[in-house]
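Here's the structure we're looking at; comments come further down.
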Amino acid sequence: MKIIVTGSLGHISKPLTEILTGAGHDVTVISSDAGKVSAIEALGAKAAIGSIEDVAFLTKTFTGADAVYTMVPPNFGVSNYRQYIGDIGKNYAAAIKASGVTRVVNLSSIGAHLEKGTGPIAGLHDVELTLNALDNVAVKHLRAGFFYINFFANIDMIKNNGILGNNYSKESRLALVHPRDIAEAAAQELQGTFSGKSHRYVISDEQKVSTLVKTLGAAIGKPDLPWVEFNDQDSLAGMTGAGFPPAIASVFVEMGTAIRSGILWEDYDRNKPADYGKTKLDDFADEFAAVYKG
C-alpha cells in the first residue's frame with residue numbers, strides 16, 4: 001500500500017515508518033525539516049518536506065495514498081493551544097477530502113471524549129469531531145494513554161530537587177503507554193481493515209502514581225524518591241519558571257486537574273481494550289534509568 005505518515009521522525013512516526021517499510025509498503029513521511037531527508041530515506045521511505053499548515057502541500061502529498069496516519073505535533077509557541085490543534089485537524093480534513101483519501105488512522109488521546117476540562121486533549125476532541133464529519137472516509141482514532149516518556153521532562157526535578165511531583169496525588173492512577181506500542185497499534189490499523197468512524201484505546205500499563213514513583217526511583221538508585229502534590233498555582237509557577245509560556249503552562253495544569261479528578265479515564269474504563277501494549281512499567285524503568293544516568 002501507499003501510506004503517508006505525518007510526524008516526521010518523532011517518537012511514534014519513526015518506529016511506525018520502520019514497521020511499514022519493513023512490511024514492504026510504499027511510505028512517505030511528512031517533515032518540515034529538510035535536514036531529515038537522508039534519515040527518512042535510510043528507513044526505506046520517501047520524504048515530503050513541507051508544512052502541515054499548508055493544505056495545498058498536504059493535498060498533493062496525500063493524493064494517491066491508500067491510507068494516512070495523522071498526528072498534531074506539539075507547538076509551544078502558539079497563544080491558543082486548543083485552537084492550534086483544532087486548526088491542524090481542519091487542515092488534515094481539507095486535504096483528505098481534496099485528495100480522495102478514504103482511510104485515516106489518527107493519533108488522539110485518552111480523554112478525547114470530553115469537550116472541555118482536559119487541557120491540550122480538548123484540542124484532540126475537536127480533531128476527532130472534524131475528521132468524523134468527513135463523508136465516505138473510514139477513520140480510526142487511537143486514543144493513547146499518558147506517555148511514559150513524559151517523565152523524561154522531570155529528570156531535572158529529580159536531580160535538582162530530589163522529588164517527583166505534579167498537581168495530582170500519589171493515589172492518582174495513570175493509564176500509561178509507550179510510543180513504540182502506539183506505533184505497533186497504528187501499523188496494525190493501517191494494514192488492516194476498518195470502516196466508519198471509531199476509536200481504539202492504546203494502553204501499555206495501568207499504575208498508581210505511588211507505584212510508578214517507587215519503580216522509577218528504584219531504577220535510578222533512589223528507592224525513597226518522594227512524590228510531591230503541588231497545588232495548581234505552584235504547578236503553574238513551576239512550569240512558567242521552567243520556560244513554558246503561561247498560555248501553554250495553564251493548559252497542562254488543567255490536564256493535571258483532569259488526572260486528579262479521574263475524568264480522563266471514565267470512557268476508557270467503560271471500553272477497555274482486549275489487548276494491551278507490551279511495554280510495562282518495569283520495562284520503561286530501565287529506559288528511564290539509562291536516560292537519567294546518561
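Taking all atoms of both residues into account, the shortest heavy-atom contact from E115 to R82 is O-NH2, 2.9 Å. Residues S195 and A138 share a closest heavy-atom pair of CA-CB, 3.9 Å. The shortest heavy-atom contact between M157 and G165 is SD-N, 3.4 Å. Shortest non-hydrogen contact noted between Y81 and N75 is CE1-O, 3.3 Å. Smallest separation of non-hydrogen atoms from L216 and A285: CD2-CA, 3.9 Å. Smallest separation of non-hydrogen atoms from A219 and A289: O-CB, 3.4 Å.
For the pair K222 and Y292, the cation-pi test (distance below 6.0 Å, angle within 45°) is failed.
Environment of NZ in K197: crowded, with over 12 heavy atoms of neighbouring residues, nucleotides or ligands closer than 6.0 Å. With a 6.0 Å radius and a threshold of 12 heavy atoms from other residues, nucleotides or ligands, D275 has its CG atom at or below the threshold. The environment of NZ in K2 is crowded: more than 12 heavy-atom neighbours from other residues, nucleotides or ligands sit within 6.0 Å. Around CG of N136, the count of heavy atoms belonging to other residues, nucleotides or ligands within 6.0 Å does not exceed 12. By the 6.0 Å contact criterion, NZ on K280 is enclosed, its count of non-hydrogen atoms from other residues, nucleotides or ligands being greater than 12.
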Scan the side chains in residues 181-190 for donor-acceptor partners under 3.5 Å anywhere in the protein, sequence neighbours excluded, and list what turns up.
residue: D181; atom: OD1; partner: T279; partner atom: OG1; Å: 3.3
residue: D181; atom: OD2; partner: S204; partner atom: OG; Å: 2.6
residue: D181; atom: OD2; partner: K278; partner atom: N; Å: 3.3
residue: D181; atom: OD2; partner: T279; partner atom: N; Å: 3.0
residue: D181; atom: OD2; partner: T279; partner atom: OG1; Å: 3.2
residue: Q188; atom: OE1; partner: R200; partner atom: NH1; Å: 2.6
residue: Q188; atom: OE1; partner: R200; partner atom: NH2; Å: 3.0
residue: E189; atom: OE2; partner: R200; partner atom: NH1; Å: 2.9

Tabulate below the donor-acceptor pairs under 3.5 Å that side-chain atoms of residues 241-255 make, not counting sequence neighbours, or state none.
residue: S250; atom: OG; partner: P246; partner atom: O; Å: 3.2
residue: S250; atom: OG; partner: A247; partner atom: O; Å: 3.1
residue: E254; atom: OE1; partner: T118; partner atom: N; Å: 3.4
residue: E254; atom: OE1; partner: G119; partner atom: N; Å: 2.7

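I88 is connected to L134 through a chain of hydrophobic side-chain contacts under 4.5 Å among Ile, Leu, Val, Met, Phe, Trp and Tyr, so both are in one cluster. Under a hydrophobic-cluster definition in which Ile, Leu, Val, Met, Phe, Trp and Tyr are linked whenever side-chain heavy atoms come within less than 4.5 Å, directly or via other members, I220 and V228 are assigned to different clusters. One hydrophobic cluster holds both V104 and F194 under the rule that ILVMFWY side chains link at heavy-atom gaps under 4.5 Å. Hydrophobic clustering (ILVMFWY, side-chain heavy atoms < 4.5 Å, transitive): I155 and F147 are in one cluster. L16 and I149 fall within a single hydrophobic cluster, where Ile, Leu, Val, Met, Phe, Trp and Tyr are joined by side-chain heavy atoms under 4.5 Å apart, directly or via other members.
Residues H178 and E287 have side chains that bring a donor and an acceptor to within less than 3.5 angstrom of each other. Defined by atom type and a distance below 3.5 Å, a donor-acceptor pair is missing between the side-chain atoms of E53 and Y84. No hydrogens or angles considered: a donor-acceptor pair under 3.5 Å links the side chains of S198 and K140. Side-chain atoms of S108 and E128 include a donor-acceptor pair closer than 3.5 Å. Side-chain N/O atoms of S99 and T63 include no donor and acceptor closer than 3.5 Å. Of the N and O atoms on the side chains of H141 and N132, at least one donor lies less than 3.5 Å from an acceptor on the other residue.
Within the 4.5 Å cutoff, the side chain of I40 has no heavy atoms near those of the T17 side chain. Annotation: side chain of W227 is not in contact with side chain of I163 (no heavy-atom distance under 4.5 Å). When side chains are defined from C-beta on, L20 counts as touching Q191, because their heavy atoms get closer than 4.5 Å. Between H125 and L114 there is no side-chain heavy-atom pair separated by less than 4.5 Å. When side chains are defined from C-beta on, F288 does not count as touching V291, because their heavy atoms never get closer than 4.5 Å. A 4.5 Å side-chain heavy-atom check between D126 and I85 finds every atom pair outside the cut-off. No side-chain heavy atom of I49 sits under 4.5 Å from any side-chain heavy atom of D33. The closest side-chain heavy-atom distance from I96 to L131 is below 4.5 Å.
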Going through the checks in order, is the side-chain contact (heavy atoms from CB on, under 4.5 Å) test met by V105 and T70? CA-CA 6 Å; V105 174; T70 56; over 6 Å; no

Report the C-alpha separation of I3 and Y69 in whole Å, then their side-chain angles, then the decisive distance to 0.1 Å, and conclude whether the side-chain contact (heavy atoms from CB on, under 4.5 Å) test is met. CA-CA 8 Å; I3 301 172; Y69 165 74; 5.5 Å; no

Report the C-alpha separation of I203 and I110 in whole Å, then their side-chain angles, then the decisive distance to 0.1 Å, and conclude whether the side-chain contact (heavy atoms from CB on, under 4.5 Å) test is met. CA-CA 9 Å; I203 308 295; I110 197 167; 4.1 Å; yes

Pair E229-K170, salt bridge (charged side-chain N to carboxylate O under 4.0 Å, His left out): steps then yes or no: CA-CA 7 Å; E229 180 181 359; K170 67 180 181 180; over 6 Å; no

Just do the side-chain contact (heavy atoms from CB on, under 4.5 Å) check on Y92 and V68 with the steps written out, would you? CA-CA 10 Å; Y92 285 146; V68 174; over 6 Å; no

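With sequence neighbours left out, D267 forms a side-chain hydrogen bond (donor to acceptor under 3.5 Å, both in side chains) with R143, Y201, N271. Residues satisfying the side-chain contact (heavy atoms from CB on, under 4.5 Å) criterion with E18, sequence neighbours excluded, are K14, P15, L43. Residues forming a ring pair (Phe, Tyr, Trp, His ring centres under 6.0 Å) with Y148 (at least two apart in sequence, or on another chain): F284. Here D282 pairs with T215 under the side-chain contact (heavy atoms from CB on, under 4.5 Å) rule; sequence neighbours left out.
Listed for the D234 side chain is no donor-acceptor partner under 3.5 Å among the backbone atoms of F230. Under the 3.5 Å distance criterion, the side-chain polar atoms of N166 are left unmatched by any main-chain donor or acceptor of Y168.
Atom CH2 of W265 sits about 5.0 Å away from atom CD1 of I259, to the nearest 0.5 Å. A distance of 10.5 Å separates CG of D205 from CG of L174, quoted to the nearest 0.5 Å. Remark: N167 CG to L236 CG distance equals 9.5 Å, nearest 0.5 Å. Atoms CG and CG, on N80 and D87 in that order, are 8.5 Å from each other to the nearest 0.5 Å. Atoms CD1 and NE2, from I19 and H25 in turn, are 10.5 Å apart once rounded to the nearest 0.5 Å. Considering CG of L58 and CG of N91, their distance stands at 6.5 Å, rounded to 0.5 Å.
Exactly one of S13, P73, S8 qualifies for a side-chain contact (heavy atoms from CB on, under 4.5 Å) with S31. That residue is S8.
Between K46 and E41, none of the side-chain N atoms (NZ, or NE/NH1/NH2) sits under 4.0 Å from a carboxylate O, so this pair counts as no salt bridge. Between E206 and R173 there is a salt bridge, since at least one side-chain N of the basic residue sits less than 4.0 Å from a carboxylate O of the acidic one.
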